[in-house]
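Input: a single structure, listed below in structure tokens.
Count residues from 1 along the sequence. Below, all heavy atoms of this structure are taken into account, side chains as well, without hydrogens, waters or symmetry copies. This one's a predicted model, so the numbers in the text were calculated from it and none came from an experiment.
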Amino acid sequence: MKKIKLFEEDIQRALKNPDEGYKELGRAKNYILHEYRKTLRDLETDSLVIDEILWEENYQTALDYMREAGLKEFIITNKSTELMDLLHFFTSQGCQLKGPETVERKVDYPWGKDIKGLRLAI
């Protein structure tokens, strides 16, 4: 995955003053930045991978942030019971389910190297 300018700028701004920087971004943006850094560090993919589920009150902010950053697609790999709510939200906001996707970890863990997910277009 290529670095995303907006995300990199927000990370740098937050790191300059961690006590205030991360608070200013808010929970949803911090969550997306966490997933972004994890994707860059751990996965072989061309898209942002969202593994954990967001709190429902953060769905819209997270989607707006991904759009603002210029993302065209992302991958959901979450297996929780809340996944249907998240998929329903994204599709109701104009995102389109493109189909199944397998993401490869850079390191082969005992539980496997492949992660199953769904690719969505924003």
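- In this structure, Thr45 OG1 and Lys106 NZ are separated by 10.5 Å, a value rounded to the nearest 0.5 Å.
- Side-chain contact between Ile76 and Leu83 is present, with heavy atoms from C-beta onward closer than 4.5 Å.
- Considering only heavy atoms from C-beta on, Arg27 comes within 4.5 Å of Glu57 through its side chain.
- Contact of the Glu104 side chain with the Asp114 side chain is registered, since non-hydrogen atoms from C-beta on lie closer than 4.5 Å.
- Between the Asn78 side chain and the Asp51 main chain, a donor and an acceptor come within less than 3.5 Å of each other.
- You'll find the side chain of Glu35 stays beyond 4.5 Å of the side chain of Thr77, heavy atoms only.
- Residues Arg105 and Glu44 are not in side-chain contact: their nearest non-hydrogen atoms beyond the backbone lie 4.5 Å or more apart.
- Between Ile32 and Phe74 there is no side-chain heavy-atom pair separated by less than 4.5 Å.
- Residues satisfying the side chain to side chain donor-acceptor pair (under 3.5 Å) criterion with Lys116, sequence neighbours excluded, are absent altogether.
- A donor-acceptor contact closer than 3.5 angstrom links the side chains of Asp10 and Tyr65.
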Query raised in the report: Going through the distances and angles, do Asp19 and Asn17 end up as a side chain to side chain contact (heavy atoms under 4.5 Å, CB included)?
Result: CA-CA 6 Å; Asp19 291 337; Asn17 184 359; 4.2 Å; yes
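- For the pair Thr39 and Ser47, the tightest heavy-atom approach, listed with the atom from each and the gap, is CG2-O, 3.5 Å.
- Within 6.0 Å of atom CD in Gln60, more than 12 heavy atoms from other residues, nucleotides or ligands are found, so the atom counts as buried in its surroundings.
- In this pair, Tyr36 and Phe7 present their aromatic rings perpendicular. The plane angle is above 60°, beyond the 30 to 60° band.
- Although no hydrogens or angles enter the test, the distance criterion places no donor-acceptor pair under 3.5 Å between the side chain of Lys98 and the main chain of Glu73.
- Side chains of Met1 and Asp46 form no contact here, defined as non-hydrogen atoms less than 4.5 Å apart.
- At distances below 3.5 Å, at least one donor-acceptor pair connects side-chain atoms of Ser92 with backbone N or O atoms of Phe89.
- The environment of NZ in Lys3 is sparse: at most 12 heavy-atom neighbours from other residues, nucleotides or ligands sit within 6.0 Å.
- Between Ala62 and Ala28 the shortest heavy-atom distance is N-CB, 3.9 Å.
- Put simply, the side chain of Val107 does not reach to within 4.5 Å of the side chain of Asp42, judged on heavy atoms.
- The 12-atom threshold is exceeded at NZ of Lys113, counting heavy atoms of other residues, nucleotides or ligands nearer than 6.0 Å.
- Under a 4.5 Å side-chain heavy-atom criterion applied to ILVMFWY residues, the cluster that includes Ile115 comprises Leu43, Val49, Ile75, Val103 as well.
- Atom CD of Gln96 is surrounded by 12 or fewer heavy atoms from other residues, nucleotides or ligands within 6.0 Å.
- For the pair Leu120 and Cys95, the tightest heavy-atom approach, listed with the atom from each and the gap, is CD2-CB, 4.2 Å.
- By the 6.0 Å contact criterion, CZ on Arg67 is enclosed, its count of non-hydrogen atoms from other residues, nucleotides or ligands being greater than 12.
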